[in-house]
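Order of the sequence lines sets the chain letters (A, B, ...), proteins ahead of strands, with each chain counted from 1.
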Amino acid sequence: MKDVLKNLRHNGVYVPVYDFKGFKIKILGKKIKLSPISEQMAIAWIRKKQSILSPPDKIYEKNFKQEFLEKIEQENSELEFINNFFKNHLEKIAETSFQEDEIDFSEVSNYLDTIKQKKQSLSKIEKKAQSAIRKALKLEKKEKYGYAIVDGKKLEIANWIAEPSCLFAGRGDHPRRGKWKEGPKQEEIILNLSPESPTPLGKWKEIIWEPEKMYVAKWMDKLTGKIKYVWFSDSAFIKQNKEKEKFEKAAKLGKRSRSIEKYIIKNLKAKEDIKRKIATVCWLILKPNMRVGDEKDPEEADTVGAITLRKEHIKIEDDVIYFDFLGKDSVRWKKSIKAPDPVIQNIKNYMKSSKEYLFEGVDSKKVSRFLSQKMPGLTAKVFRTWRCTKTLEDALKKSRVKKEDKIYVKKFYAKMANLKVAVVANHKRKISPKFGERLLKKEEKIKELRIKLKNLKAAGKKTKSTETRIEKISLDIELTKQTKEYNLGTSLKSYIDPRAYTKWARSADFDLTKFYPKTLQTKFSWALERKKPVSDIECKNT
DNA sequence: TTACGCACTTAGGAGGGACAAT
DNA sequence: ATTGTCCCTCCTAAGTGCGTAA
């Protein structure tokens with residue numbers, strides 16, 4: 001394997017230390033000391049409990065309670081009344097809500113309330129000062145742990161702070177949400193370091209040297225059993241190079257898309273059943289932009305992609321297929337698409353014959369092998385990258401933005417094109433509970449301005465600035481409405497070749513620094529131009 | 001050929017700070 | 001100057017895909 005790193009030197013991972021308060025809870029009126037772990041559990045629980053946006057649901061609560069009570073029992077096994085209490089209650093309590101009179105968290109909740117109040121009572125200046133202190137402290141730690149020296153270059157590390165312990169926040173219907181996830185200790189962390197680098201102080205699990213890998217450190221997550229990695233940040237040249245390769249590959253797919261589509265269509269009627277299955281899966285990846293959707297652990301939320309589709313996710317009427325299922329992150333994937341006859345026939349057949357999955361026997365590896373026949377290295381995910389970037393290019397072209405257009409008009413079309421991509425990729429977001437209210441406010445505003453405009457006209461006064469404001473707000477309203485349930489960030493960060501934007505920006509004389517947020521400008525520094533367009537300077541105040 | 005572990009990319013939510021409106 | 005909004009960044013979960021062993 002090719003080495004990614006020649007040498008790698010860093011100071012290890014920063015492992016946050018929990019500041020133990022020594023709180024007690026009360027069980028049946030008697031005070032019980034918490035340990036550092038049970039205290040953290042209690043604090044995390046009360047925080048969650050107080051959360052307005054996402055309070056715990058039944059399963060979260062049950063998972064938490066079971067573990068918490070077991071922990072309390074363990075920690076206090078010498079106390080007789082605890083033993084009795086648990087003998088009688090453990091099962092019952094875990095099934096129902098905490099009884100306030102049985103377990104009393106008030107010391108913990110008082111503490112949280114005090115913190116909140118203190119924060120609120122702070123004046124602007126004090127708040128600023130405190131946040132500046134926090135920032136400085138973090139920066140100081142970052143200076144030590146946040147960078148690595150790779151081949152003589154100083155590279156930023158993304159997640160240089162090890163994950164602190166918390167209650168597991170699995171998404172969707174994750175069966176283990178609410179369970180305690182203990183963060184890694186230093187002695188559980190493996191560091192990737194080249195041999196000539198000095199070993200960071202402290203006890204680490206292991207120091208290894210894997211120059212062909214691109215991680216800085218790793219550890220095993222005790223709850224999920226998965227390995228967690230410490231990576232370089234997106235600004236690192238190693239990451240940027242891979243990013244470029246990704247988009248090159250997608251572009252290559254674009255060039256061959258016609259012949260690849262033909263290949264897929266042809267194989268919808270292949271003799272071998274497995275080949276027909278794979279081709280049908282590929283069609284779903286190519287056309288409605290599905291993820292490949294490999295089989296997953298039953299100990300996770302039940303989400304699916306093309307391969308793992310089941311009968312209940314599909315309806316067919318004539319030549320239209322209706323999909324409705326939960327995809328990655330339990331985001332609802334609801335679309336319909338007109339499909340050619342062989343696709344319809346295949347899916348109908350598999351719906352009849354399949355036991356569990358429609359495409360039983362297909363996995364992402366077989367899909368890759370099938371696709372590689374037409375283009376080496378082609379895998380399912382490349383299709384999403386290609387489709388997204390292409391969607392953006394088409395949308396920008398269609399927008400017909402001219403050089404003379406106002407900056408906010410250009411920005412609007414840049415956003416709308418981004419939105420088209422988000423829709424294609426099904427990047428959704430939780431609808432803000434204040435959405436209706438917010439929109440209404442904006443609509444009120446525009447009404448107000450229209451009246452003002454009328455009056456100005458009647459009085460023969462200047463109307464230019466009011467007109468501009470109206471135009472601006474109406475575009476804003478349009479965007480607010482359309483992006484109600486879509487999140488544009490993911491596609492902008494991961495799917496849109498920045499050069500698609502730069503190309504357009506050049507022709508439209510648009511300054512992309514007005515569009516890409518700072519971190520993305522850094523991430524895409526390999527593609528973004530630094531020179532500012534002329535019109536940008538002229539239109540500064542529009 | 002399948003199962004599995006590991007490495008790396010893609011994902012939405014939380015929370016806070018910047019900025020716009022007043 | 002203050003308040004409210006919204007955007008950005010951080011966080012870490014949840015995917016994809018590859019290599020390897022059985």
Strictly under 6.0 Å, is that where the ring centroids of A:F323 and A:W333 end up?
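For A:F323 and A:W333, the ring centres are under 6.0 Å apart.
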Compute the centroid of each ring, for A:F237 and then for A:F232, and state whether the two points are separated by less than 6.0 Å.
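Aromatic pair excluded; centres sit 6.0 Å or further apart.
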Looking at [X], I'd like to know whether one of its side-chain N or O atoms comes within less than 4.0 Å of OP1 or OP2 on [N].
X	N	answer
A:S131	B:dG16	no
A:T379	C:dG17	yes
A:K514	C:dC7	no
A:H174	C:dA14	yes
A:K181	C:dA13	yes
A:K365	B:dT1	no
A:N487	B:dG12	yes
A:K213	B:dC6	no

Cation-pi, A:Y350 ring and A:K277 (6.0 angstrom, 45 degrees):
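Cation-pi check for A:K277 and A:Y350: passes.
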Counting heavy atoms from C-beta on, name the nucleotide in B:dT9, C:dA13, B:dT10 closest to the side chain of A:K246.
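Of all the options, the side chain of A:K246 is nearest to B:dT10.
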